[in-house]
Amino acid sequence: MGFLHSSAIFPVFLIFLFLFSWPITSSANSHEDFLRCLSSSLSSNDSSSISRLVYTQRSSNYTSVLESTIHNSRFITPTSRRPLVIVTPLHVSHVQATIRCSKKHGLQLRTRSGGHDFEGVSYVSEWEAPFVIVDLANLRSIDVDVEKEVAWVQSGAIMGELYYAIAQKIRTLAFPGALCHGVAFGGFISSGGYGRILNRKSVGEDLFWAIRGGGGGSFGTALSWKVKLVRVPEIVTVFSTSRTLEQNATRLLHRWQYITNQFPDGMFPSITLTTTNTTVDDRNRTVVATFNTMYLGRANELVPLMQNVFPELGITTQDCNEMSFVESILVLGLLPLENLEILLNRSYRIPYLVATPSFKAKSDYIKKPIPEIGFLGMWPQLLEPVARTVSSAA
Ligand SMILES: Cc1cc2nc3c(=O)[nH]c(=O)nc-3n(C[C@H](O)[C@H](O)[C@H](O)COP(=O)(O)OP(=O)(O)OC[C@H]3O[C@@H](n4cnc5c(N)ncnc54)[C@H](O)[C@@H]3O)c2cc1C
Ligand SMILES: *[C@@H]1O[C@H](CO)[C@@H](O)[C@H](O)[C@H]1NC(C)=O
Ligand SMILES: *[C@@H]1O[C@H](CO)[C@@H](O)[C@H](O)[C@H]1NC(C)=O
Ligand SMILES: *[C@@H]1O[C@H](CO)[C@@H](O)[C@H](O)[C@H]1NC(C)=O
Ligand SMILES: *[C@@H]1O[C@H](CO)[C@@H](O)[C@H](O)[C@H]1NC(C)=O
Ligand SMILES: *[C@@H]1O[C@H](CO)[C@@H](O)[C@H](O)[C@H]1NC(C)=O
Ligand SMILES: *[C@@H]1O[C@H](CO)[C@@H](O)[C@H](O)[C@H]1NC(C)=O
């Protein structure tokens, strides 16, 4: 899976809750006190629907709510620490009540939007301290303003929902975010902190920018984001071509690192490395490098461009497909192309994630090209039966 990082897109506004000091208390009753606090903080309307907002370990739906966005079975083991309570706010005031009550009764708080954290920090705890999850999955409204070319997006919205919402309105605007459609907005751009609602002005420029990449509930709970959209052509082009080790994949990969900086700005090149068995023998496996590239333009421009900078890859018109931007997200995200509604399906996982329920992932920036011998060193590890897939983006 390629990771598309939206370096050109900035949140221009956000709402923020803060709380810096966290009292350390260890009362066995803190849990009951917390629940009492929460139910008295909610309006009478909300109290009647508290069963839709609050899940304790005794609730029949506790496990399904907890696991609804746990994508990595490494974090669902008998020894995993579980939250005392999960709160699934339907309104901003519910978030505030949860934060206030957890502070008051000495419970740690984890903020979860889409649960895609690589180390599960939005829902697991390394510490003994009892904790509460505020799960923002229901706060997911999206408001696309075509005229102003912006969108307001609540933290619990998944990327797929935003791509879909934009595409429903217009073909020529887009938000370049994660390829994995289930990644949520909250974690994609932000990170954590807690109490008063602040905006960019009252939070101050330094902190406003610091939250990008802060991570792990360290700053606040971001509720909603206003993002700029970018203009894209009505038709973009995607090519996809695969090479095995026997077809010189190693040499092409190595060369690719020196080629991509010659690409124009409107190009998103990515490579996925997988393994496959050769036709002859199940046990004789090989590595396949799939070169996937999206270009903000037509095939008749892309083909000569590729032939010029990277003739070794031999890209022809047959390798290219013209489509809308949102369709290109399906292709690059390895989603089936048949219907756009798949972007709205929060439980859909691409086959290779289904095949690897337990995984270790890491995003990194490579500053120096990997030498050919570096790739050669990776292949035996990839070809081990346990590690079938590695991902990469250039
Ligand atoms: C299978 C998979 C595929 C991925 N694909 C891509 C990809 O294609 N492109 C890409 O760029 N990245 C990708 N990622 C990485 C992903 O963008 C980050 O892990 C991101 O932080 C997940 O956001 P989330 O809201 O889904 O996760 P969460 O686990 O809910 O949150 C991640 C972190 O942000 C904090 N947080 C969440 N919501 C808020 C909030 N509202 N306010 C404050 N803090 C908050 C959490 O406490 C946690 O520390 C992928 C991850 C996985 C597991
Ligand atoms: C409470 O619910 C009633 C009936 O559904 C509704 O008319 C009223 O506006 C609600 N009040 C609040 C504060 O949401
Ligand atoms: C529990 O989950 C079931 C099935 O998803 C749902 O029908 C039911 O409304 C849920 N109950 C509560 C209290 O959330
Ligand atoms: C691999 O590279 C060699 C040497 O350049 C070349 O002769 C051969 O045709 C290439 N193989 C494929 C499948 O492209
Ligand atoms: C290769 O792998 C596939 C999928 O795992 C399997 O169905 C097939 O039997 C294997 N062997 C060959 C020779 O294709
Ligand atoms: C494995 O497959 C490759 C490609 O088909 C072939 O060149 C090689 O000889 C095979 N090795 C074995 C041990 O079968
Ligand atoms: C969403 O995806 C899941 C998992 O693949 C599937 O079982 C379900 O039918 C899909 N839902 C819809 C509405 O398509």
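Each ligand, and each atom within it, is numbered from 1 in the order the structure gives. The shown structure was predicted, so the numbers you read here are calculated from the model rather than taken from an experiment.
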Can you name the atoms of ligand 1, numbered from 1 with element, that are less than 4.0 Å from a heavy atom of [X]?
{"X": "Thr221", "value": "42 (N), 43 (C)"}
{"X": "Ala178", "value": "6 (C), 7 (C), 8 (O), 9 (N), 10 (C)"}
{"X": "Leu136", "value": "41 (N)"}
{"X": "Asp117", "value": "19 (O), 27 (O), 28 (P), 29 (O), 32 (C), 33 (C), 48 (C), 49 (O)"}
{"X": "Leu179", "value": "7 (C), 8 (O), 9 (N)"}

ask   = Can we say Glu119 and Arg74 salt-bridge, meaning some charged N sits less than 4.0 Å from an Asp/Glu carboxylate O?
value =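 A salt bridge is present here (some side-chain N lies under 4.0 Å from a carboxylate O).
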
query = Is atom 5 (O) of ligand 4 less than 4.0 angstrom from some protein heavy atom?
reply =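 Yes, at least one protein heavy atom sits under 4.0 Å from atom 5 (O) of ligand 4.
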
Side chains of [X] and [Y]: do they bring a donor and an acceptor to under 3.5 Å?
{"X": "Gln108", "Y": "Ser125", "value": "no"}
{"X": "Glu372", "Y": "Thr250", "value": "no"}
{"X": "Arg112", "Y": "Thr69", "value": "yes"}
{"X": "Asn199", "Y": "Ser202", "value": "yes"}
{"X": "Ser80", "Y": "Arg82", "value": "no"}
{"X": "Asn284", "Y": "Thr286", "value": "no"}

query = Can you tell me which residue and heavy atom of the protein come closest to atom 13 (C) of ligand 4, and the distance to 0.1 Å?
reply =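 Among all protein heavy atoms, the one nearest atom 13 (C) of ligand 4 is Gln247 CA, 3.8 Å.
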
key: Protein heavy atom at shortest distance from atom 3 (C) of ligand 4   =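 Nearest protein contact, heavy atoms only, for atom 3 (C) of ligand 4 is Asn248 ND2, 3.6 Å.
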
query = How close do Asn292 and Ser240 get, heavy atom to heavy atom, and via which atoms?
reply =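 Smallest heavy-atom distance, with atoms named: OD1-OG, 2.8 Å.
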
Just to be sure I read this right, does ligand 1 sit under 4.0 Å from the backbone of [X], its side chain, both, or neither, counting only heavy atoms?
{"X": "Asn72", "value": "neither"}
{"X": "Leu353", "value": "side chain"}
{"X": "Ser155", "value": "side chain"}
{"X": "Val121", "value": "side chain"}

Proximal candidate to [atom] [heavy atom criterion; set [options]]:
{"atom": "atom 53 (C) of ligand 1", "options": "Arg110, His116, Arg112", "result": "His116"}
{"atom": "atom 11 (O) of ligand 1", "options": "Phe118, Phe188, Phe359, Tyr123", "result": "Phe188"}
{"atom": "atom 37 (C) of ligand 1", "options": "Gly187, Gly177, Ser224, Pro176", "result": "Gly187"}

request  = Verify the ring-centre separation between Tyr258 and His254: is it less than 6.0 angstrom?
outcome  =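 For His254 and Tyr258, the ring centres are under 6.0 Å apart.
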
key: For Tyr348, atoms of ligand 7 separated by under 4.0 Å from a heavy atom   =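 It comes down to these atoms of ligand 7: 2 (O), 5 (O).
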
key: Parallel, tilted or perpendicular: rings of His116 and His71 (30°, 60°)   =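 It falls in the tilted class, 30° to 60°.
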
ask   = Would you call the rings of Trp256 and Phe263 parallel, tilted or perpendicular, where under 30° means parallel and over 60° means perpendicular?
value =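 Geometry flag for Phe263 against Trp256: perpendicular rings.
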
message = Donor-acceptor pair, distance only, cut-off 3.5 Å: does the side chain of His105 make one with the backbone of Leu107?
response =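 No, because the side chain of His105 does not come within donor-acceptor range (under 3.5 Å) of the backbone of Leu107.
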
query = Is a side-chain N or O of Tyr163 found less than 3.5 angstrom from the main chain of Gly177, in a donor-acceptor match?
reply =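 Between the backbone of Gly177 and the side chain of Tyr163 there is a qualifying donor-acceptor contact (under 3.5 Å).
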
query = Ala222 to ligand 1: N or O pair under 3.5 Å?
reply =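 Indeed, backbone or side chain, Ala222 has an N or O that close.
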
message = Taking distance alone, with N or O pairs closer than 3.5 Å, would you say Phe185 contacts ligand 1?
response =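 Phe185 vs ligand 1: no N/O contact under 3.5 Å.
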
message = Taking 4.0 Å as the limit for heavy-atom contacts, which would you say applies to Arg251 with ligand 4: side chain only, backbone only, both, or neither?
response =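 Side chain only.
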
ask   = Does ligand 1 have an atom that lies less than 4.0 angstrom from a heavy atom of Gly115?
value =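 Yes, Gly115 has heavy atoms under 4.0 Å from ligand 1.
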
message = Any nitrogen or oxygen of Asn345, side chain or backbone, less than 3.5 Å from one on ligand 7?
response =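 Yes, at least one N or O pair falls under 3.5 Å.
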
